[in-house]
Amino acid sequence: MNFIGTDKVLEKKHNYQMPCSFHFYQNPPQITRGKMQYLYDDYVGGKYLDFFAGVSVMNCGHSNDTIIKDSIEQMKTLQHTTTIYLTQPIVDLAEKLSKVLPGDLNKSFFCLSGSEANEGAMLLAKLYTGNNEFIYLDAGLHGRTHLTMSVTGIDMWRASPNPELGTHRATGFYPNVAQNDFDLELAMNKSISSIEEILIKQNNKIAALIIEPIQGNGGILTPHKEYFIKLKSLLIKHNVLLIVDEVQTGFARTGKMFAIENFGITPDIMTIAKALGNGQPISAFCTTNEIAASFTRPSASTLGGNPVSSTTAISVLNYIENHSLCEHASKMGDYLTQGLQYLQNRHNIIRDIRGIGLMQGAELVEGISPAIEKTDKILESMKDNGILIGKNGLSRNVLAFQPPLVICKENIDECINKLDVVLKLV
């Protein structure tokens with residue numbers, strides 16, 4: 001292929017894409033291909049170890065031969081019919097998901113994106129409860145539609161200044177690290193109290209609370225281990241459903257198939273996307289037989305769960321199982337944590353290390369201020385040294401480590417060693 005290079009890509013981007021579409025780096029590479037944990041810019045001959053995985057999408061690796069083969073075989077026979085016709089891949093996927101979903105979650109509705117799944121989950125909560133209002137948390141992110149932006153607690157991702165009525169923001173579950181607050185238990189209790197106040201004030205109006213088990217875009221914010229047990233108990237008391245958004249955290253990333261399994265409860269509704277398709281667009285909202293029974297009026301997603309996406313998702317689930325990616329992510333996650341803690345002891349700029357498995361964040365501060373400019377410089381320098389890492393957080397000062405789950409210790413060593421050098425120079 002005749003690659004046009006970064007300058008021409010940026011020119012076309014400026015001319016033909018909306019200005020809200022941003023990109024990383026002052027000098028971005030043109031990504032031309034990927035293979036497992038690596039990405040390439042063939043225009044300049046660059047090779048990059050990917051530690052962001054398309055924001056937790058490519059859990060099984062870029063252009064995974066096993067998964068690609070299954071997808072192509074399906075493309076050769078049947079690509080699309082929509083759900084008004086019977087096809088086997090979508091029902092086989094629904095059956096397979098029912099065996100890996102936590103607790104008594106058994107029924108799935110397939111769509112295309114995390115936003116669509118969360119929107120559908122909120123609709124389902126309305127249908128089941130008869131209520132129309134929702135609670136969400138500071139630092140949470142749930143999508144790009146009007147309703148899902150309205151339950152997003154990160155202001156930079158709320159494109160509309162006028163959120164949907166009947167959405168209520170509660171205090172988040174993570175302490176303010178920039179102010180030297182590391183008390184997870186106190187933060188948990190403040191969050192639970194804030195939610196309880198809303199439940200009492202909006203008596204019998206709340207359909208559900210929507211929450212990420214780890215707030216990815218919020219900065220890999222990870223709650224106290226007892227947070228979800230207390231939360232679920234409170235919601236049951238007030239007859240309010242719990243929607244857990246596993247769009248970014250699901251499919252072995254945290255060492256469990258789903259991150260909520262680290263916290264000892266089962267949600268009423270769960271949303272999944274991203275890694276389920278390993279780059280192929282697919283999502284779903286999943287629930288119990290009882291709650292699913294309230295969704296009876298005709299509905300569809302034109303492309304959701306199409307034969308190619310469903311076949312790919314089945315291949316993804318098989319690959320995770322056959323290659324023990326849950327166990328591997330747990331082991332590599334522990335090793336990555338050790339490496340990040342080593343860097344934290346050597347560099348004062350790293351104030352906090354958090355996360356589970358291969359979803360880790362390192363918050364960077366200067367004194368009590370977010371190290372925003374230095375975060376960007378670190379990302380740029382790491383890219384120039386062949387490592388792509390992410391950034392997130394309310395101030396965009398958290399380094400995000402969310403690599404393909406197929407990485408090895410040597411990959412982690414390379415990342416930590418290069419980051420050590422970069423941090424000395426920043």
Side-chain angles (χ1 to χ4, degrees), residues 53 56-61 64 66-67 70-71 74 88-114 117-118 120-121 124 211-214 228 232 242-292 304-333 356-359 402 404-406:
S56 290
V57 170
M58 308 306 293
N59 284 15
C60 296
N64 181 306
T66 301
I67 296 169
D70 291 342
S71 301
Q74 181 61 52
Q88 185 170 335
I90 190 171
V91 294
D92 284 350
L93 174 59
E95 180 184 32
K96 193 166 186 65
L97 272 176
S98 73
K99 296 176 180 178
V100 300
L101 289 166
D104 55 352
L105 302 183
N106 187 57
K107 294 287 181 70
S108 298
F109 184 102
F110 295 100
C111 29
L112 278 181
S113 70
N118 283 330
L124 178 61
I211 187 172
E212 301 159 277
I214 299 174
F228 278 97
K232 185 70 182 292
L242 175 62
I243 301 172
V244 167
D245 177 346
E246 290 266 3
V247 169
Q248 192 173 152
T249 54
F251 301 101
R253 177 148 298 279
T254 63
K256 305 284 188 181
M257 184 61 80
F258 301 102
I260 197 63
E261 294 176 283
N262 293 286
F263 297 99
I265 64 103
T266 299
D268 300 297
I269 306 171
M270 193 169 78
T271 59
I272 53 179
K274 286 186 183 281
L276 176 59
N278 206 59
Q280 191 73 19
I282 188 170
S283 67
F285 53 99
C286 313
T287 192
T288 64
N289 291 338
E290 178 184 349
I291 296 173
N306 68 74
V308 177
S309 293
S310 294
T311 297
T312 302
I314 292 169
S315 187
V316 166
L317 294 173
N318 287 336
Y319 193 90
I320 290 172
E321 180 181 359
N322 293 339
H323 292 80
S324 303
L325 287 191
C326 285
E327 293 82 356
H328 186 70
S330 180
K331 291 178 182 178
M332 292 301 99
I356 304 176
L358 286 176
M359 188 171 185
Q402 297 166 260
L405 308 185
V406 297

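It should be emphasised that the depicted structure is a prediction, and the values quoted were computed from it without experimental measurement.
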Exercise for review: Verify side-chain contact (heavy atoms from CB on, under 4.5 Å) between H323 and V406, making sure each step is shown before the conclusion.
Suggested key: CA-CA 9 Å; H323 292 80; V406 297; over 6 Å; no

Exercise for review: Give the C-alpha distance, both sets of side-chain angles, the deciding distance and a yes or no for side-chain contact (heavy atoms from CB on, under 4.5 Å) between L101 and S108.
Suggested key: CA-CA 10 Å; L101 289 166; S108 298; 4.2 Å; yes

Practice item. Using distance alone, with no hydrogens and no angle criterion, decide if E246 and T249 have a side-chain donor and acceptor under 3.5 Å apart. Key: yes

**Study point:** Pair V244-I211, side-chain contact (heavy atoms from CB on, under 4.5 Å): steps then yes or no
**Key:** CA-CA 5 Å; V244 167; I211 187 172; 4.3 Å; yes

Review point. Taking atom types as modelled and ignoring hydrogens, do the side chains of N118 and T271 form a donor-acceptor contact shorter than 3.5 angstrom?
Key: yes

Practice item. Specify the closest pair of heavy atoms between S113 and S283, including all atoms of both residues, with the distance to one decimal. Key: O-OG, 2.8 Å

Check your understanding: At their closest point, which heavy atom of F110 faces which heavy atom of A284, and how far apart are they?
Key -> CD2-CB, 3.7 Å

**Study point:** Between CD on residue E95 and CG on residue N106, distance to nearest 0.5 Å
**Key:** 10.0 Å

Check your understanding: So how far is it from H328 NE2 to I320 CD1, rounded to the nearest 0.5 Å?
Key -> 12.5 Å

Exercise for review: Check the pair I269, L242 against side-chain contact (heavy atoms from CB on, under 4.5 Å), reporting the backbone distance first and the verdict last.
Suggested key: CA-CA 6 Å; I269 306 171; L242 175 62; over 6 Å; no

Check your understanding: Would you say the side chain of S315 lies within less than 4.5 Å of the side chain of N64, judging by non-hydrogen atoms?
Key -> no

Point to revise | Gap separating the CG atom of L97 from the CG atom of D92, nearest 0.5 angstrom | key: 11.5 Å

Practice item. Kindly give the heavy-atom pair with the smallest separation between C286 and I272, and that separation in Å. Key: SG-CD1, 3.9 Å

Exercise for review: For the pair F258 and F251, name the ring-plane relationship: parallel under 30°, tilted 30 to 60°, perpendicular over 60°.
Suggested key: perpendicular

Check your understanding: With distance as the sole criterion, is a donor-acceptor pair present between the side chains of T312 and Q280 under 3.5 Å?
Key -> no

**Study point:** L124 CG to K107 NZ distance, which is reported to the nearest 0.5 Å
**Key:** 11.5 Å

Revision key, fill the gap. M58 and N278 have their tightest heavy-atom pair at CE-O, 3.1 Å

Point to revise | Among N59, T66, D70, L405, side chain to side chain contact (heavy atoms under 4.5 Å, CB included) partner for Y319 | key: T66

Exercise for review: Report, as yes or no, whether the 6.0 Å neighbourhood of atom NZ on K256 holds more than 12 heavy atoms from other residues, nucleotides or ligands.
Suggested key: no

Practice item. Taking all non-hydrogen atoms of both residues into account, name the closest pair between T254 and N262 and its distance. Key: OG1-ND2, 3.0 Å

Review point. Got a second to check how far D104's CG is from E290's CD, nearest 0.5 Å?
Key: 9.0 Å

Check your understanding: Side-chain contact, heavy-atom cut-off 4.5 Å: L105 with P267?
Key -> yes

Check your understanding: Is the number of heavy atoms from other residues, nucleotides or ligands under 6.0 Å of K96 NZ greater than 12?
Key -> yes

Review point. So, for R253 and L358, which heavy atoms are closest and what is the spacing to 0.1 Å?
Key: NH1-O, 2.5 Å

Review point. If we only count heavy atoms from C-beta on, is the F263 to I356 side-chain gap below 4.5 Å?
Key: yes

Point to revise | Separation between CD1 of I67 and OG1 of T311, rounded to the nearest 0.5 Å | key: 12.5 Å

